Enquirer: 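This is the structure, below, for whatever I ask next.
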Amino acid sequence: MTRKTLSKSSKKQRALEILSLLHHLYPDATCSLDYQTPVQLLVATILSAQCTDERVNKVTPHLFGRFPDAESLANANILELEELVRSTGFYRNKAKNIKAACGMIVNDFNSIVPNKMAELLKLPGVARKTANVVLAHAYGINAGVTVDTHVKRLSQRLGLTKNTEPVKIEQDLMKLLPQPEWENWSIRLIYHGRAVCKARSPGCDMCKIADLCKQNLSI
DNA sequence: CTCCCGATAT
DNA sequence: ATATCAGGAG
């Protein structure tokens, strides 16, 4: 396919072609957080705010070894909780939010992590990124597109959104992609963002989807 | 917009 | 030594 043809094809078509290539590049891409239960996924995702999944996975074995479920996390000593999550950064906020969120899960949601966006957003430390991750991976629900820093950066670089606010980027992507592919999109953009299209350097010479990227399309 | 904070790349 | 990474709340 020529560049001219690509530039004339719709954004939707280009998004699907990008997704298809990424699917072959990262066939086994999954959520890279380690967890056993929905509560653990929620907690790990809260911890992943402004922190790599790799680092989160270094603290969660100790954290969940000590406090495995919503009840124990809700009743945890805050100082001990802070110490366990310290290395993920913003540890006072995260410890407080995890304890409070687990308290709400126990008291308001029968110890079950809610499977509704509106409910999840009531939990402290949980906004759309975290809620989308939990819904997609704990419950298989594609409520939206997970827009973390990688999805944001790559979607912008690819020329699939002009917006800068994550919520608007999410709306753009939801219109561009079929719902069943929403989480596939996020997961694979995150993989590609970590491996190739990095924040500091896009790595275009190594990039297998460069031909489909904005900068290589003649407008 | 500012604050929250440790880890790592440069 | 310092810039940059990586979400949410107020």
Side-chain angles (χ1 to χ4, degrees), chain A residues 29-35 38-63 73 78-105 108 113-114 116-138 143-157 161 163-174 182-183 185-206:
Chain A
T30 53
C31 175
S32 23
L33 293 168
D34 298 333
Y35 64 95
V39 169
Q40 291 187 2
L41 174 59
L42 174 71
V43 170
T45 310
I46 290 174
L47 290 176
S48 79
Q50 300 289 100
C51 177
T52 61
D53 289 359
E54 189 184 353
R55 173 135 302 279
V56 173
N57 288 339
K58 288 180 179 175
V59 319
T60 44
H62 307 106
L63 176 64
L73 285 163
I78 191 65
L79 294 178
E80 185 180 2
L81 200 49
E82 285 179 0
E83 209 47 48
L84 283 164
V85 305
R86 188 178 234 287
S87 70
T88 67
F90 303 135
Y91 63 94
R92 289 190 192 88
N93 281 340
K94 288 177 181 177
K96 177 158 51 75
N97 287 338
I98 287 167
K99 185 173 165 70
C102 287
M104 286 178 62
I105 288 168
D108 304 341
V113 176
K116 299 282 190 295
M117 174 64 75
E119 258 74 61
L120 284 166
L121 293 179
K122 293 178 186 172
L123 303 174
V126 177
R128 290 197 65 89
K129 183 260 182 177
T130 299
N132 276 324
V133 167
V134 169
L135 288 170
H137 295 104
V145 179
T146 300
V147 178
D148 75 340
T149 189
H150 298 293
V151 176
K152 177 184 180 202
R153 184 180 68 251
L154 295 232
S155 298
Q156 289 171 333
R157 283 180 180 169
T161 181
N163 285 305
T164 55
E165 309 99 303
V167 184
K168 289 190 177 177
I169 293 175
E170 183 181 356
Q171 302 299 329
D172 288 340
L173 293 173
M174 290 195 304
W182 287 353
E183 194 57 23
W185 175 265
S186 296
I187 284 293
R188 289 184 170 81
L189 253 63
I190 289 167
Y191 269 64
H192 195 63
R194 287 201 281 243
V196 179
C197 192
K198 302 179 182 180
R200 295 169 199 250
S201 64
C204 302
D205 48 336
M206 301 286 296

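Throughout, protein chains are lettered first and strands after them, A, B, ... in sequence-line order, and every chain is numbered starting at 1. Small disclaimer: the values here were computed from a predicted structure and weren't measured.
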Enquirer: Taking the basic N atoms (NZ, or NE/NH1/NH2) and the acidic carboxylate oxygens, is any pair closer than 4.0 Å for A/Asp53 and A/Arg194?
Expert: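 Judged by the 4.0 Å cut-off on N to carboxylate O distance, A/Asp53 and A/Arg194 do form a salt bridge.
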Enquirer: Between A/Arg92 and A/Arg200, which residue's closest nucleotide on DNA chain B lies nearer the 5′ terminus?
Expert: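 Nearer the 5' end of the strand: A/Arg92.
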Enquirer: Closer than 4.0 Å, any side-chain N/O of A/Thr88 to the OP1 or OP2 of B/dC5?
Expert: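 No, A/Thr88 has no side-chain N/O under 4.0 Å of OP1/OP2 on B/dC5.
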Enquirer: Classify the side-chain pair A/Asn163/A/Gln171 by whether it contains a donor and acceptor separated by less than 3.5 Å.
Expert: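 No donor-acceptor contact under 3.5 Å links the two side chains.
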Enquirer: Do any side-chain nitrogens or oxygens of A/Arg86 fall under 4.0 Å of OP1 or OP2 in B/dC5?
Expert: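 For B/dC5, OP1/OP2 do not have a side-chain N/O of A/Arg86 under 4.0 Å.
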Enquirer: Expressed as a whole number of Å, how far does the C1' atom of B/dC5 sit from that of C/dT2?
Expert: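 Nearest-Å result for B/dC5 against C/dT2 at atom C1': 16 Å.
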Enquirer: For the side chain of A/Thr149, starting at C-beta, report the closest nucleotide among B/dA7, C/dG8, C/dA6.
Expert: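 When the side chain of A/Thr149 is considered, C/dA6 is the closest of B/dA7, C/dG8, C/dA6.
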Enquirer: Hey, could you give me the CD1/CG distance between A/Ile98 and A/Leu81, rounded to the nearest 0.5 Å?
Expert: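 Between atom CD1 of A/Ile98 and atom CG of A/Leu81 there are 5.5 Å.
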Enquirer: With rounding to whole Å, what would you report as the distance between B/dT10 and C/dA6 at their P atoms?
Expert: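 So the two P atoms sit 12 Å from each other.
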Enquirer: How many Å lie between CG on A/Leu47 and C1' on C/dG7, as a whole number?
Expert: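 Checked: the CG to C1' distance equals 12 Å.
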Enquirer: With the side chain of A/Arg55 defined as its heavy atoms from C-beta on, choose the nearest nucleotide among B/dC4, C/dA6, B/dT8.
Expert: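 Ranking B/dC4, C/dA6, B/dT8 by closest atom to the A/Arg55 side chain puts B/dT8 first.
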Enquirer: Nearest to the side chain of A/His150 - C/dG7, C/dA6, B/dC5?
Expert: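 Nearest to the side-chain atoms of A/His150, counting from C-beta on, is C/dA6.
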Enquirer: Measuring from the side chain of A/Ser87 (C-beta onward, heavy atoms only), which nucleotide among C/dG7, B/dT8, B/dA7 has the closest atom?
Expert: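 Taking heavy atoms from C-beta onward, the closest nucleotide is B/dA7.
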Enquirer: Identify whether any heavy atom of A/Pro124 sits under 4.0 Å from a base atom; if not, whether one sits that close to sugar-phosphate; answer base, sugar-phosphate or nothing.
Expert: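 Answer is sugar-phosphate: A/Pro124 comes under 4.0 Å of backbone atoms only.
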Enquirer: Counting only side-chain heavy atoms from C-beta out, which of C/dG8, C/dA6, B/dT8 sits nearest to A/Ala127?
Expert: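 Taking heavy atoms from C-beta onward, the closest nucleotide is C/dG8.
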